[in-house]
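One structure below.
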Number of protein chains: 2
Amino acid sequence: MAGTRLDPIDRKILAELQADGRMTNVELAKRVGISAPPCLRRVRTLEEAGYIRGYHADVDARELGFEVQVFAMVGLASQAEVDLTAFEDRCRAWPLVRECHMLNGEVDFILKCAAPDLSSFQRFLTGELLTTPNVASVKTSLVIRGAKDEPGVPFDVLEERLSNSA
Amino acid sequence: MAGTRLDPIDRKILAELQADGRMTNVELAKRVGISAPPCLRRVRTLEEAGYIRGYHADVDARELGFEVQVFAMVGLASQAEVDLTAFEDRCRAWPLVRECHMLNGEVDFILKCAAPDLSSFQRFLTGELLTTPNVASVKTSLVIRGAKDEPGVPFDVLEERLSNSA
DNA sequence: GCAGATACGAAAGATTATTGCGCGTGCTTT
DNA sequence: AAAGCACGCGCAATAATCTTTCGTATCTGC
């Protein structure tokens with residue numbers, strides 16, 4: 001099922017649902033140029049094949065009282081697979097950590113965190129992250145302001161790429 | 001409208017829609033403990049008040065051929081407001097740049113980028129980002145693997161916080 | 001205690017989701 | 001080539017959901 005290739009309609013569906021995940025199926029069908037039933041079948045197939053992982057409301061963190069967003073660059077003392085996994089498990093357990101990516105280069109992980117205020121984050125930083133075994137260094141950077149926050153992938157780049165390779 | 005406070009039901013709605021943005025309104029109403037009509041009214045109000053910015057399908061970038069994800073730390077030569085805004089505008093115009101956050105500290109911006117492959121990204125890096133006026137330094141880190149990628153904010157932290165301050 | 005505002009829930013009509021089925025298209029097989 | 005097969009579309013019908021309308025309860029402020 002992983003080798004299932006997508007046709008232009010499937011890609012359009014994904015692009016539309018990425019832009020508006022609550023679009024009704026009839027509206028979606030209209031936009032991609034087929035009738036509703038096959039459109040819904042395609043969506044289900046895309047979901048089951050894993051192209052669509054889920055749907056999420058994009059909530060305004062600041063309006064909700066999460067004033068602080070921080071990127072944390074974490075270096076570990078040991079990069080053995082066991083230790084990497086252990087740290088990842090910790091990250092998954094921390095609610096304030098929204099994203100955790102393993103990187104190449106001098107920094108091992110980058111964490112995107114959301115906290116109600118600075119003191120909450122500091123408490124997490126000093127009380128949790130810095131006291132975690134194997135954590136050697138943490139450099140944090142506060143987000144002053146967000147300039148762009150697009151979800152997912154740029155489908156126009158994908159289309160361009162496919163038309164060039166045709 | 002910004003001062004509109006949320007009650008526990010509103011917060012539950014937001015939490016549920018963040019977890020599953022395609023949930024039907026009747027299912028949502030059932031979960032938050034009210035009937036469908038007032039539930040829909042609340043959702044509309046939350047949307048109009050800006051608590052909900054939109055809904056997005058979470059697509060699998062790798063399955064779609066975006067094998068490469070990169071964080072780029074960008075330093076500018078001038079941090080005058082005009083120059084900051086100019087750089088942000090550039091970022092908004094680059095499809096490969098999915099997120100752009102202004103930071104404190106030595107690095108001015110962090111960019112999250114998605115590209116089909118390494119050479120695509122290198123082409124963007126050398127041909128676009130590095131040739132942009134006012135860009136003084138760029139340090140890139142490839143994402144080896146993703147360990148956590150939760151959308152939005154941790155509502156359990158919010159609830160905990162509210163119950164403590166009551 | 002009494003307006004007024006606010007928000008709920010029941011009912012009804014409109015819209016949408018979902019299933020079943022027949023048809024056409026394209027590919028493989030003979 | 002022509003028959004057979006698989007795949008995917010669209011139509012029609014049914015089930016579920018969405019959305020509006022309306023009457024009532026609860027709360028607030030006077």
Side-chain angles (χ1 to χ4, degrees), chain A residues 1-60 63-65 155 158-159 162-163 165-166, chain B residues 1-60 63-65 155 158-159 162-163 165-166:
Chain A
M1 195 65 80
T4 310
R5 213 61 210 120
L6 300 177
D7 66 10
I9 295 180
D10 286 322
R11 294 196 297 273
K12 191 102 195 290
I13 288 175
L14 290 172
E16 292 289 345
L17 286 180
Q18 178 176 277
D20 178 7
R22 274 218 109 156
M23 193 181 302
T24 65
N25 184 58
V26 294
E27 173 66 20
L28 180 61
K30 197 182 308 172
R31 293 198 187 193
V32 304
I34 59 178
S35 64
C39 185
L40 187 61
R41 282 191 288 262
R42 278 168 180 265
V43 172
R44 295 279 179 265
T45 304
L46 290 169
E47 288 170 354
E48 278 155 28
Y51 287 99
I52 299 175
R53 270 198 292 254
Y55 303 88
H56 306 285
D58 176 18
V59 305
D60 190 314
E63 287 276 333
L64 273 163
F155 277 95
L158 183 61
E159 293 301 332
L162 289 172
S163 61
S165 68
Chain B
M1 195 66 78
T4 310
R5 213 64 211 118
L6 301 178
D7 66 9
I9 294 181
D10 287 322
R11 293 196 299 273
K12 191 102 195 292
I13 287 175
L14 291 171
E16 292 289 345
L17 286 180
Q18 179 175 275
D20 179 6
R22 275 221 117 173
M23 192 181 303
T24 66
N25 183 58
V26 295
E27 173 66 20
L28 180 62
K30 198 182 307 171
R31 293 198 186 193
V32 304
I34 59 179
S35 64
C39 184
L40 186 62
R41 279 192 289 262
R42 279 168 180 265
V43 172
R44 295 278 181 266
T45 304
L46 290 170
E47 288 170 354
E48 278 155 28
Y51 287 99
I52 299 176
R53 270 198 290 253
Y55 303 88
H56 306 285
D58 176 17
V59 305
D60 190 314
E63 287 276 335
L64 273 164
F155 278 94
L158 183 62
E159 294 301 333
L162 290 171
S163 62
S165 68

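Reminder, nothing fancy here: chain letters follow the sequence lines and each chain counts from 1.
Nearer the 5' end of DNA chain C, as judged by each residue's closest nucleotide, is the contact made by B/Pro38, out of A/Leu40 and B/Pro38. Map B/Arg41 and A/Asp7 each onto its nearest nucleotide of DNA chain D; the residue landing nearer the 5' end is A/Asp7.
One axis for each end of the helix from C/dG1-D/dC30 to C/dT30-D/dA1, each built from five base pairs, and the angle between them comes to 30° at 10° resolution.
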Next on the checklist: Walk me through whether A/Glu27 and A/Arg31 qualify under salt bridge (charged side-chain N to carboxylate O under 4.0 Å, His left out).
Outcome noted: CA-CA 6 Å; A/Glu27 173 66 20; A/Arg31 293 198 187 193; 2.7 Å; yes

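Rounded to whole Å, atom C1' of D/dC7 lies 14 Å from atom CD1 of A/Ile34.
By the side-chain contact (heavy atoms from CB on, under 4.5 Å) test, A/Pro8 is found to be paired with A/Arg11, residues two or more places apart in sequence or in another chain being considered. When the side chain to side chain donor-acceptor pair (under 3.5 Å) test is applied to A/Gln18, no partner is found at least two apart in sequence or on another chain. For the side chain to side chain donor-acceptor pair (under 3.5 Å) test, residues two or more places apart in sequence or in another chain that qualify with A/Arg42 are A/Asp7, A/Asp10.
Contact between A/Tyr51 and B/Glu63 at its shortest, heavy atoms only, is CE2-O, 3.6 Å. Of all heavy-atom pairs between A/Asp60 and B/Arg53, the closest is OD2-NH1, 3.3 Å. Between A/Gly21 and A/Tyr55, the shortest heavy-atom distance links the atoms O-CD2, 3.9 Å.
On the nucleic acid side, DNA chain C has its first and last nucleotide under 4.0 Å of a heavy atom of chain B at C/dC8 to C/dA11, going 5' to 3'.
With B/Asn25 contributing its side chain and B/Ala36 its backbone, the two residues share a donor-acceptor pair below 3.5 Å. When atom types are taken as modelled, the side chain of B/Arg22 and the backbone of A/Met23 share a donor-acceptor pair closer than 3.5 angstrom.
Near-neighbour residues of DNA chain D inside residues 21-33 of chain B, defined by a heavy atom below 4.0 Å, number-ordered: B/Thr24, B/Asn25, B/Val26.
The line from CG of B/Leu17 to CD of B/Glu47 is 8.0 Å long, rounded to the nearest 0.5 Å.
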